[in-house]
Amino acid sequence: MIGSMDFDHALFHADLDALPWASYGHAYGSAEDVPGCLRALAGDDDAAADEAQSELYGSILHQGSVYEASAKAVPFLARIAAADIRTADVLLLIGGIAEGGEDPSPEAGDGPPAEAGDGLPARESDEVACRRAVVAQLPLLLGALDHQDRAVRQAAAWAAEWTGAAGAAAAVPALRDRADVEADPLVRAELLSALAQLDPEGTARAVTEAIGPDGSPPELRIAALLASADIGLPWTPAHHEAALALLPLDRLVADRFDHVRNEPLHHLTVTLLLRDTDPDREAVFALLDGALRHPDPEARTEAVWAALTACELSRGAPARLVGALTAAAEADGGGAGADSGSGAGHAASGDVSGALSALGRLGAYGEPAAELLATRAAGEGDVADRALEALVTVDPVRAAPLLARHLENRPRAFAAACGGPVGSLPPLPYDPALLVAVRRRLGAMEPGSMALPRLAALLLSWGPDAGSAVPELLAALPAYPRQLPKVLAAVCRPEQRGEVAEALRSLARTAPADDRFEAARALHQLTGDHRPLLSLLAERLAAGAGGWDGALRETATAAAALGPAAAPLVPALRAALNAPDADRNNPQMDADIAIAVALHRITGEAAEAVPVLAGVLGDGDGLWRRWTFVRAAEAAAGLGPAGRPLVPVLKALLTDPEQVPSAVLALRAVAPDALDTDRSAGLLLDAAEAGAAPAEAVEALVALGVDTLADEHRDRLTELGERDLRVVRFGLSGTIEAADDRLRARIRTAVVGRARTAVVSRG
């Protein structure tokens, strides 16, 4: 029982000292510092105890991860809690360690690990050891359920929840007994959540009863709604009405220890959508529709965040929610110039800003809101900027002239028009008025302006349509020698090539070495004159490419583009390769890949490239090499049949879903007879369905030929294009939906194209 024992500090310290802590590991290496933290946590100095607790969260429970030292610390933490020293805080730390753990396998049972041989115990994972250690302290956790302090009872219930299947047999009866007599709403909520996790079938009735308004406190009702979703109960009209009646929901869980469900509406949205049934989807859409139209701005703010998540998960969400999001954007009551103020007006404006941004995430599905967005975009301040940002994706033709009029004071809309974060969205189509505004901004730009990369991206996308901006670009070229040469080469029209080429030639001849590179490369692109670039590449290689692996990779890539004309560089490129048995990091491997490609394209021979690529692809540290391996596989594909010796290392990549697309394409290029098309198609579909490189997997399937796929594989590909759950699951916020829409269109085109071909052939 908590507080039933006197704490013997001397014995506690002696027991700590008896363990070889330095041989245990935690997040930062040796756990030799853990005993000191545990002593301080058990001591009388509150400041030192607080610091020790923080240190323990950082070392033995680092961002939810647990270690060998975590399990070793649990009994000592339990002794501190049992002495009623900082009990709630210590119970939470113990529960966090259990949460980071995992149950032993059913075969392992509840006892210690089985013997591995020679009388030695088998080494179980740190996660299993931690869960075992906490389960061993269940009598303490369950005894704390009767503590007089509400925070201690709540912490004990939360910690007991995370003992999982290993602790359920002991925990469930005690949790149920406490639930029968507990009066505090927060503790009741924590108890119900714990029981739902540990005994979902036995708790279903209590969960359903707690949803109703019959005297149940709001904190318990929201816990019951969350538990209903978690344990798979049908979402009924009673659930819907209860959720809407309780809005806003975040305040009801603010004092809970359950951080998994600390945003209830968001959690319900995700949980129900991932069930992937029509009734559950409709339940989510109806719930969000009601929440987005709720009179309380806090409820609408919660709903906007949940709606964005719904759109990231569900292809049907944008069309279903556009009306409610438009209503939320209108709900502040402001006019075209509405902006943030104070008090309730500020809350409403913050909500409308979020809703406006959300409308932009709908793409073409947001078209019904175009009029509202255009009206708001004509105003002032952040609301106008967000409205125009959304309009850029919803109706780019309508957005362009508005942006042209307000280019200087619409930073969010300007960024979206230029391609969004790291060029992840389509730039705004060419518009004459917007080009005039861009030229004006180029002319007034100060050196070092952060706007230059965005302007460059926009002009690059417009190509020769932006040719009238050449005078401004030439004027700015000396200040931006690394960013503007490729823009000039892309936008200049035939009649401007002489002037642009002379400017680039002058820059490539007179600027500092690092500033000459892009000019020389753009000059080659524009005129075919490779001499300045060749000379500069020779200088860079002689100087070791500045001693930077990224610069060496850049140099080799430029040499590869020259092809046989770069023959004088071959000796220096060979000399720049790392030793085959060197312990290389990723940038060094990437440089070696680029050099291998360059040697192949310059000499026409693959003999030097094959061992370099084999050395990279044969590296065993695949977890940290994903993109390096992808680049190496793509380079292997470029060798064609000469890359046949790479078949074994390429086949080894097929065990990693993220590597499958590039490996399949490489095998198809170097040794098509060694490629099992049927197995490869299955692996590609597995990768796409798991959300691992889905776009690349689909492109590889198309390259294999949709008409060559087995019926089962064609059906799976068709399902990827037609299902509601998005295939693209990861990416920068605001880009997932567009990426998945492009993927869906690609799949549909491939499948429909194959079907049309089949119809024609039959005819």
- Task: Using only heavy-atom distances, determine whether the side chains of Arg256 and Asn262 contain a donor-acceptor pair under 3.5 Å.
- Result: no
ask   = Charged N to carboxylate O below 4.0 Å: is that the case for Glu298 and Arg251?
value = no
Just checking, any donor-acceptor pair under 3.5 angstrom between side chains of Ser193 and Asp258?
no
Val34 and Leu16, any side-chain heavy atoms less than 4.5 Å apart:
no
Donor-acceptor check, side chain of Asp740 to backbone of Val728, threshold 3.5 angstrom: yes or no? yes
(Q) Are the side chains of His26 and Val66 in contact, using a 4.5 Å heavy-atom criterion? (A) no
Result for side-chain contact (heavy atoms from CB on, under 4.5 Å) between Ile60 and one of Leu38, Ile97, Val74 points to Ile97
OG1 (Thr203) and CG (Asp230) are apart, to the nearest 0.5 Å, by 12.0 Å
Taking atom CG of Asp180 as the centre, does the number of heavy atoms from other residues, nucleotides or ligands within less than 6.0 Å exceed 12? yes
For residues 227-282, the ring-ring contact (aromatic ring centres under 6.0 Å, His included) pairs (sequence neighbours left out) are Trp235-His239, His266-Trp305
### Query
With a 4.5 Å heavy-atom cut-off, do Cys311 and Leu362 have their side chains touching?
yes
Exercise. For Ile85 and Val90, run side chain to side chain contact (heavy atoms under 4.5 Å, CB included): C-alpha distance rounded to whole Å, both residues' side-chain angles, the deciding distance at 0.1 Å, then the answer.
Key: CA-CA 8 Å; Ile85 300 172; Val90 176; over 6 Å; no
Taking the basic N atoms (NZ, or NE/NH1/NH2) and the acidic carboxylate oxygens, is any pair closer than 4.0 Å for Arg188 and Glu219?
no
Item to complete: Indicate yes or no: at least one non-hydrogen side-chain atom of Trp162 is less than 4.5 angstrom from one of Ile94.
Response: no
Review point. Can any side-chain N or O of Arg275 pair as donor or acceptor with the backbone N or O of Ala229 at less than 3.5 Å?
Key: yes
ring-ring contact (aromatic ring centres under 6.0 Å, His included) filter on Tyr28, not counting sequence neighbours, yields His62
Taking every heavy atom of Ala156 against every heavy atom of Leu141, the minimum-distance pair comes out as CB-O, 3.3 Å
Decide, yes or no, whether a salt bridge links Glu658 with Arg626 under the criterion of side-chain N to carboxylate O below 4.0 Å.
yes
- prompt: Are any non-hydrogen side-chain atoms of Leu145 and Val187 less than 4.5 angstrom apart?
  reply: no
task = List the steps and the verdict of side chain to side chain contact (heavy atoms under 4.5 Å, CB included) for Leu274 and Asp280.
result = CA-CA 9 Å; Leu274 290 180; Asp280 286 312; over 6 Å; no
**Request:** Taking Ser54 for its side chain and Glu51 for its backbone only, find out whether a donor-acceptor pair lies under 3.5 Å.
**Result:** no
Answer yes when Arg315 and Asp724 have at least one side-chain N-carboxylate O distance shorter than 4.0 Å, and no when they do not. no
Worked verdict on Glu282 versus Arg320 for side chain to side chain contact (heavy atoms under 4.5 Å, CB included) = CA-CA 9 Å; Glu282 183 51 39; Arg320 183 66 172 76; 2.7 Å; yes
Between the CZ atom in Arg86 and the CD atom in Gln53, the distance rounded to the nearest 0.5 Å is 8.5 Å
Is it the case that the side chain of Glu302 and the backbone of Leu249 share a donor-acceptor pair, with hydrogens and angles ignored and the cut-off at 3.5 Å?
yes
To the nearest 0.5 Å, atom CG of Leu268 lies from atom CD of Glu263 at 11.5 Å
Quiz item: Heavy-atom distance under 4.5 Å between the side chains of Leu56 and Leu61, does that happen here?
Solution: no
- Message: With side chain to side chain contact (heavy atoms under 4.5 Å, CB included) as the criterion, how do Arg300 and Asp296 come out once you've worked through the C-alpha distance, each side chain's angles and the decisive distance to 0.1 Å?
- Response: CA-CA 7 Å; Arg300 295 197 301 273; Asp296 189 323; 5.9 Å; no
Side chain to side chain, Glu312 and Thr735, heavy atoms closer than 4.5 Å:
no
Taken to the nearest 0.5 Å, the spacing of Leu191 CG from Glu161 CD works out to 10.0 Å
field: Any side-chain donor near an acceptor of the partner, Gln154 and Glu190, under 3.5 Å
entry: yes
Heavy-atom closest pair (Leu325 atom, Ala358 atom, distance to 0.1 Å) is CD2-CB, 3.9 Å
Interatomic distance, CD@Glu124 vs CD@Glu68, rounded to 0.5 Å, equals 10.5 Å
Closest non-hydrogen contact found for Ala40 with Ala52 is CB-CB, 3.7 Å
Hey, are Arg153 and Glu182 close enough for a salt bridge, meaning a charged N less than 4.0 Å from a carboxylate O? yes
Leu246 and Pro218 have their tightest heavy-atom pair at CD2-CB, 3.8 Å
Applying salt bridge (charged side-chain N to carboxylate O under 4.0 Å, His left out), run through Asp45 and Arg39 and close with a yes or a no.
CA-CA 10 Å; Asp45 186 331; Arg39 289 188 186 95; over 6 Å; no
Do Asp656 and Arg625 sit within salt-bridge range, that is, some charged N less than 4.0 Å from a carboxylate O?
no
Here the pair of heavy atoms bringing Gly101 nearest to Arg131 is O-NH2, 3.1 Å
* Asked: Does the Ser30 side chain pair with the main chain of Ala22, one donor and one acceptor, at a distance under 3.5 Å?
  -> yes
Do Arg178 and Leu142 come within less than 4.5 Å of each other through their side chains, counting heavy atoms only?
no
Taking Ser216 for the side chain and Pro213 for the main chain, is one N or O donor matched with an acceptor at less than 3.5 Å? no
ring-ring contact (aromatic ring centres under 6.0 Å, His included) filter on His13, not counting sequence neighbours, yields none
Taken to the nearest 0.5 Å, the spacing of Arg723 CZ from Ser314 OG works out to 11.0 Å
Note: Ala78 and Gln137 closest approach over all heavy atoms is CB-OE1, 3.2 Å
